[in-house]
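Scroll down for the structure; my scribbles are underneath it.
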Amino acid sequence: MSGSGQDQAPAPARGEERIVIDPVTRIEGHARITVTVDGNGAVTGARFHVTQFRGFERICLGRPMHEMPAIMARICGICPVSHIVASSKACDEIMAVAPPPAAVQLRRVINLAQVVQSHALSFFHLSSPDLLLGFDAPAGDRNLFGVAAAEPWLARDGIALRRFGQTIIETLGGRRIHPGWVVPGGVGRPLEHDQRNAILAAVPEALAAARRGLRWYREQLDRFSEEVESFGTTPMLSMGLVHDDGTVAYSDGDLRVVDGAGTVVADGIDPRTYHEHIGERARPDTYLKATYWKPLGHPDGLYRVGPLARLNVADRLGTPEADDRLGEYRERLGRTPQSPFHYHEARLIEILHGITMIGEILADPAVLDPHVRAGAAVNRNEGVGVAEAPRGTLFHHYRVDDDGLVEWVNLVIATGHNSEAMDRAVAEAAARHVRADRLTEGMLNRVEAAIRCFDPCLSCSTHALGEMPLVIELRDAAGVLLDRAARP
Amino acid sequence: MSVHTFTLDGQPVAGAAGETILEVATEQGVSIPTLCHLDGLSSVGACRLCVVEVAGRPRPQPACITPVEEGMEVVTRSEELDEWRATVVEMLFVERNHICSICVANGDCELQDLAVDLGVDHFELPAMSPRLEIDSSHRLFAIDHNRCVLCTRCVRVCDEIEGAHTWDVMGRGIDARVVSDLGTPWGASPTCTSCGKCVQVCPTGALFEKGRAVGEGAKERRPFLPYLRRHGAGTR
Ligand code: SF4
Ligand code: FES
C-alpha cells in the first residue's frame with residue numbers, strides 16, 4: 001500500500017467518515033471506491049465509481065457498419081474477441097443473414113478461447129496471490145511472482161492456460177492483438193487443417209492444468225469461509241445465455257434469468273429484445289449505466305452476470321467432466337450460489353468446460369468447411385448482437401442508415417450489469433472488514449478482493465480512451481476525506 | 001528517336017527523349033518512392049514524393065514529370081531527400097484521419113507502406129483530425145474522404161481508361177475533395193459505370209468496396225486492371 005494515505009488524510013471529522021480505495025491494483029483498467037462510515041467507524045455505504053471519459057460514440061458515428069467489429073475491439077483491449085463476436089452478430093442482423101455453420105462454430109471457438117484466456121488471467125494472475133498467500137500478506141508478495149516463488153506450478157499453469165487461449169485467438173484471428181477475423185456475415189478465412197491440428201494437440205495439457213487449478217482452489221476454500229460470507233451474499237437474480245437444451249451458451253442462445261433460490265424468472269428471451277426486459281439507469285457519478293430486470297423493477301430486479309450467473313442459469317454445461325465438477329459445486333454450495341467469492345470456482349469450471357468444448361467443436365471435420373461467410377447489403381436499419389464475454393452478457397445494438405453508416409450505438413456490457421451487485425459486495429466486505437478511520441492493508445485487500453471476484457473490466461465498461469487509477473477513499477457522511485489509499 | 005545520356009546517382013545512363021527521370025530510373029532498377037503516379041495513367045506531379053536532385057536546379061524535381069535531358073546529373077537518394085519524403089508522408093497522415101488499425105486497407109495501403117519504408121513511425125506535426133464525410137450511397141462502393149490523399153488517380157483512371165469522367169477535384173488546398181459528377185452523391189451519379197477502376201487504383205482505403213471489413217480491402221483480390229497493378233516505379 002505504497003500510497004496509503006496517512007500523510008494525505010485530513011483529521012477525521014466528528015460524526016461520519018468515508019474511505020476510498022486507490023488503484024485496485026489487480027483489476028484490469030481502473031476505478032475508484034468510496035466507503036462511507038459513521039462516527040463509530042461503522043460502514044454505512046459503499047460505491048464503486050467509474051469516471052472515465054466516454055468516447056466511443058464519437059468514433060462510431062458515421063462509420064461504415066463493416067468497420068464496427070474492429071472499432072469495438074479497439075475500445076476494449078481486454079476482451080476484444082467477445083466485442084468482435086457481439087458486434088459482428090449485430091451486423092449479421094442488419095444484413096439479415098445467417099452465417100454458415102462452420103463460421104458459427106469458429107466464432108464459438110474463438111469466443112471460448114477468449115473466456116479461457118481471460119479467466120486464467122483473472123484467477124491465476126490476479127486472484128491466486130490472495131488465495132495462496134493470504135489477504136494480509138505484504139503487498140509486494142501478492143502478485144504472480146509471489147505465487148511463482150511459493151507454488152511454481154500454479155504460476156506456470158496460469159501462464160500456460162492464458163497462452164492456450166491466446167494462441168487460439170492468434171491462430172484464428174491472425175497475429176494482431178485485435179483480430180479482424182470475425183466479420184459481419186461470418187469469419188474472414190476458413191480454418192486450415194494444420195491450424196486445427198495444432199489447437200487440438202494443445203488441448204490435453206490445457207485440460208490437465210485446468211484440473212490442477214480447480215483441485216487446488218477447492219483445497220483452499222475452507223480457509224476463506226469468512227470472505228465467502230462477507231463478499232456480498234444478498235440473493236440476487238442471475239442472467240445469462242443458454243441453448244435450447246439448457247446448456248450454457250457463449251456465442252448464441254437465449255436469455256434466462258433465475259432468482260436467488262434457483263427459480264426460473266424468465267426463459268427463452270430473444271436477446272434481440274433485451275431493451276424490453278432490461279432497464280438502464282444512468283447514475284450521477286459514473287458513466288456506467290446500471291441495469292435491472294425490468295419486470296421486477298429496481299431494486300428487486302438487480303442481477304449478476306458472468307461465470308457465477310452463467311452457472312446459475314444453465315441446467316448444465318454440456319461437457320461431462322465439467323458437469324461433474326458443476327454437480328459437486330452445487331452439492332456443496334447449493335443450486336444457485338450467491339456469494340461473489342464463488343465467481344472464482346465458477347471461472348475455473350468454465351475454463352475446464354471451455355477447453356473441452358474447443359476440443360469437441362474442432363474434432364468435427366465440418367469446421368474445416370471453406371464456406372464461412374455470408375454476404376449482403378444493408379437489409380435492416382437496426383441490429384442487436386449478443387455474446388457472453390468472460391465477464392458476462394454483452395449487447396451491441398446499432399442503427400444504420402440505408403447506406404450502412406452508423407447512426408446510433410448502445411452497448412450494455414458486463415460491468416454495467418454487475419455494477420450495483422458490485423456496490424453491494426463492496427459495502428458488505430467493507431462492513432465486515434473496515435472499522436475505524438484508517439485503511440489497513442488487510443481491509444483494503446478484502447474490499448479490493450470483493451470487487452475482483454467480479455473481474456470488472458473498467459476500460460471497456462466506460463468505453464474509455466484513457467486510464468484512470470483506482471482509489472479507495474474513506475469519507476465521513478459529510479464527504480470529508482479520512483483516509484485515502486492509492487497504489488502505483 | 002533521340003537519346004539523352006546523363007548520370008543517375010553517378011552512373012551513366014541513357015533515356016529516350018520524352019522519357020521521365022522516373023521511367024529511366026525504373027528501367028535501370030533504381031527505385032524512387034511515388035504515390036500519385038501510376039503506370040498507365042498520365043502523370044500529374046501532385047504528391048511530390050518522387051522528388052530527386054538535379055544538378056544546377058534550385059529545387060528538387062518530381063521525377064514522374066521531369067523529362068530527361070542530355071548531361072543531367074540526377075541524385076535519387078540523399079539525406080535531404082529522405083527527410084523531404086518523410087515530411088510529405090507525415091503531412092499526408094496528419095492532414096486527414098489515417099487510423100490503420102480500423103482501416104479497410106490495413107496491410108494493403110501504399111501510404112502505410114511508404115511510412116514503413118521511409119521510417120515514419122511517429123508524427124511531430126499536430127494531427128488536424130478533420131471530420132470528413134463518407135459517401136456510401138453507391139450500391140457497391142464507398143468513399144471515405146478521411147483517407148483520401150488527393151492523388152487524383154481515381155480522377156485519371158475514370159477519365160483516361162474508363163472514359164466516364166465521373167470524378168473531379170473540387171475546392172482548393174485543405175478544402176479540396178474528389179467529387180463525383182460535381183457533387184452528386186455517388187449512388188446518384190449519371191456517369192458512373194460502376195466499373196470499380198477507381199477503387200482498384202486508390203492507394204489508400206479512401207475508395208473501397210462495401211462489405212469489406214478491416215484489413216480486407218486488398219486490391220489484389222480483383223486485379224481486373226492488371227496493367228495498372230504495377231505500382232508506380234519503386235513503391236514496393
Ligand atoms: S480517393 Fe483514392 S484515388 Fe482518389 S484522390 Fe483520393 S486517395 Fe487518390
Ligand atoms: S509527384 Fe511524382 S509520384 Fe507524385
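Keep in mind the model is a prediction, meaning the values are calculated, not measured. Naming convention: chains lettered A, B, ... in sequence-line order (proteins, then strands); numbering from 1 in each chain. Atoms considered below: every heavy atom in the structure, side chains included; atoms not considered: hydrogens, waters and symmetry mates.
Summarising the geometry of B:Ser101 relative to A:Ala70, their closest heavy-atom pair is O-CB, 4.4 Å, with the distance given to 0.1 Å. Minimum interatomic distance between B:Ile134 and A:Gly62 (heavy atoms only, all atoms of both residues): CD1-O, 3.1 Å.
Around atom CZ of A:Arg163, no more than 12 heavy atoms belonging to other residues, nucleotides or ligands sit under 6.0 Å away. Taking a 6.0 Å sphere around CD of B:Glu83, one finds it holds 12 or fewer heavy atoms contributed by other residues, nucleotides or ligands. By the 6.0 Å contact criterion, CG on A:Asp402 is open, its count of non-hydrogen atoms from other residues, nucleotides or ligands being 12 or less.
Atom CZ of residue B:Arg139 and atom CG of residue A:Asp403 lie 13.0 Å apart, to the nearest 0.5 angstrom.
In this structure, chain B has a heavy atom under 4.5 Å from the side chain of A:Arg373, while its backbone stays farther away.
At least one side-chain heavy atom of A:Arg63 sits less than 4.5 Å from a side-chain heavy atom of B:Asp144.
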Pair A:Glu67-B:Lys210, salt bridge (Lys or Arg N to Asp or Glu O under 4.0 Å): steps then yes or no: CA-CA 10 Å; A:Glu67 285 180 7; B:Lys210 285 165 91 169; over 6 Å; no

